[in-house]
S.K.: 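Structure incoming, see below.
Chain letters run A, B, ... following the sequence lines, proteins first, then strands; residues in each count from 1. Quick note: numbers below take in every heavy atom, side chains included, and nothing from hydrogens, waters or symmetry partners.
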Protein chains: 2
Amino acid sequence: MPDPNALPIYQRTAERLIREIAAGRLLDGERLPPERDMAVSLGISVGTLRKSLADLQSRGLLERRQGSGNYIRHQPEASGVYAFFRLELAKGGGGLPTAEVLSVARLEKPRPAPGFGPSPEAHRIRRLRAVGGVPAALEEIWLDGARAERIAPRDLSESLYLFYRDRLGLVISRVEDRLGTAPVPDWTEAPFGPTAGQTVGYVERTGWDQEGRAVEFSRTWFDPDRVRYVARMR
Amino acid sequence: MPDPNALPIYQRTAERLIREIAAGRLLDGERLPPERDMAVSLGISVGTLRKSLADLQSRGLLERRQGSGNYIRHQPEASGVYAFFRLELAKGGGGLPTAEVLSVARLEKPRPAPGFGPSPEAHRIRRLRAVGGVPAALEEIWLDGARAERIAPRDLSESLYLFYRDRLGLVISRVEDRLGTAPVPDWTEAPFGPTAGQTVGYVERTGWDQEGRAVEFSRTWFDPDRVRYVARMR
DNA sequence: AGGAATTTGTGCGTATGTATC
DNA sequence: AGATACATACGCACAAATTCC
């Protein structure tokens with residue numbers, strides 16, 4: 001008798017494989033066993049396994065080659081929509097973008113936010129973003145509570161979207177950014193160039209997953225004298 | 001015997017449905033017949049049809065509700081590059097965006113602009129943009145002089161990008177927007193809510209044609225109290 | 001309120017096609 | 001050419017969600 005609370009087999013299988021990849025037991029470039037063999041060893045049908053594999057493929061974690069095999073793709077490279085939105089220095093030149101996690105907390109969702117995700121709670125991640133070593137923006141990200149049990153600051157040491165993909169199996173496939181100006185918030189965590197209350201550039205973002213569900217909401221305050229917000233569309 | 005050059009049935013079916021939507025034969029919100037019925041009328045199996053429908057869903061054209069039905073999701077303004085960048089009212093609600101041409105002139109290119117096009121001259125088009133009847137932004141577009149001999153204001157009565165496409169054979173296929181804040185310029189042409197010199201939202205855009213040549217440069221000042229600049233990425 | 005009917009979601013099995021080795 | 005492996009397509013049974021009466 002199946003557990004009524006359990007996720008579908010194909011989802012459990014996909015998440016299991018994602019965990020294997022995140023844990024390093026499946027390495028980049030590695031070839032999986034043939035689908036028939038995998039299905040047998042997992043105790044599921046080939047069709048169900050194929051649905052799991054298609055899921056991994058759509059998340060960019062697997063490359064499927066007809067006649068050849070299924071290959072793990074675990075590149076820590078930028079993929080997906082975030083490559084198209086970035087902060088860069090206002091006065092020419094590059095400058096490496098970095099992000100320092102200031103705090104992580106699980107809280108009730110903020111009220112002025114648009115609806116996202118099923119949970120009444122969300123993880124609030126506050127970051128101080130810098131470009132070329134210069135603090136340039138404050139960022140507050142709200143991730144729906146149903147997506148992760150707990151998040152520790154060191155989970156996010158690499159990159160936020162890698163954490164999403166590798167640890168949560170979450171790929172943000174569509175975002176909408178709303179831009180304007182807003183006063184700098186008064187955070188206890190952050191030293192930031194402009195004084196609290198001063199009007200700066202402001203971006204509000206909603207992020208959706210592949211199934212079209214809103215899962216993320218974020219706000220960024222940036223110093224327009226130091227940094228520009230860039231959106232690129234192909 | 002199946003044509004070896006033909007696409008798979010599920011792909012052909014998906015494209016057929018997409019064409020139906022694009023042609024307006026399937027309207028937004030419309031409910032499709034039950035999958036079993038559709039499959040019969042298309043002469044394919046339910047499984048194959050379901051794969052086509054999943055394709056449409058992943059493209060955001062279809063919403064599938066278990067126990068209810070499959071519903072067309074078609075936002076006609078969501079096509080083309082410029083659909084991804086728009087102004088909308090800050091306080092919810094739609095509101096028809098309009099643009100009034102204030103002046104058109106052929107001038108030397110502005111100096112602080114990034115390079116675009118081969119000519120030393122460019123057409124400068126100034127527009128007053130409104131949303132829902134309320135003036136919300138000033139816009140200045142520079143189009144490389146080599147792209148057109150002369151431009152009359154009434155050429156632009158319809159839409160700037162229709163003029164580009166239909167009269168100049170120019171399709172903007174990539175844009176990059178840089179956002180920040182800037183003081184309102186002191187134009188003689190324009191009545192605009194905020195006083196000249198006041199700091200407002202500011203967007204600087206470079207536009208490229210299909211061959212990757214930069215051809216257009218524009219600047220927009222918008223009142224962040226009235227209007228938000230929205231960038232959407234798929 | 002509640003049960004029946006409808007509709008999509010999940011899972012399995014099988015046969016055949018096509019690309020790769 | 002043959003074997004291997006993924007892709008496509010079909011059909012069926014049951015589960016889960018929604019809708020209708």
S.K.: Give the residues of residues 27-38 of chain A touching DNA chain C, defined as any heavy atom closer than 4.0 Å, sorted by residue number.
M.R.: none
S.K.: Roughly, in whole Å, what's the span from CD in B:Q66 to P in C:dT10?
M.R.: 7 Å
S.K.: Of all of residues 12-20 of chain B, which get a heavy atom below 4.0 angstrom from DNA chain D, listed by number?
M.R.: none
S.K.: Would you kindly give the NZ-to-C1' distance between A:K51 and D:dA9, to the nearest whole Å?
M.R.: 16 Å
S.K.: Which nucleotide in the list D:dA9, D:dA7, C:dG11 gets nearest to the side chain of A:P8?
M.R.: C:dG11
S.K.: Would you say A:S52 and A:R16 are linked by a side-chain donor-acceptor pair, where the criterion is simply a distance under 3.5 Å?
M.R.: no
S.K.: Calculate the interatomic distance between B:R50 atom CZ and D:dC12 atom P; express it in whole Å.
M.R.: 16 Å
S.K.: Under 4.0 Å, counting only non-hydrogen atoms across every strand here, what does A:G47 touch: a base, just sugar-phosphate, or nothing?
M.R.: nothing
S.K.: Can you confirm if the aromatic rings of B:Y161 and B:Y164 lie within a centre distance of less than 6.0 Å?
M.R.: yes
S.K.: Nearest heavy atom decides the nucleotide; on that basis, is A:G67 or A:V46 closer to the 5' end of DNA chain C?
M.R.: A:V46
S.K.: Side chain of B:S45, heavy atoms from C-beta onward: which of D:dC6, D:dC10, C:dC12 has the nearest atom to it?
M.R.: D:dC10
S.K.: Can you identify which nucleotide, out of D:dT8, C:dT8, C:dT10, has its nearest atom closest to the B:N70 side chain?
M.R.: C:dT8
S.K.: Considering the options B:R50, B:R64, B:Q57, B:E30, which one meets the side-chain hydrogen bond (donor to acceptor under 3.5 Å, both in side chains) requirement together with B:N70?
M.R.: B:R64
S.K.: Would A:Y202 and A:T199 count as having a side-chain donor-acceptor pair, cut-off 3.5 Å?
M.R.: no
S.K.: Base, sugar-phosphate or nothing for B:R65? Non-hydrogen atoms, less than 4.0 Å.
M.R.: sugar-phosphate
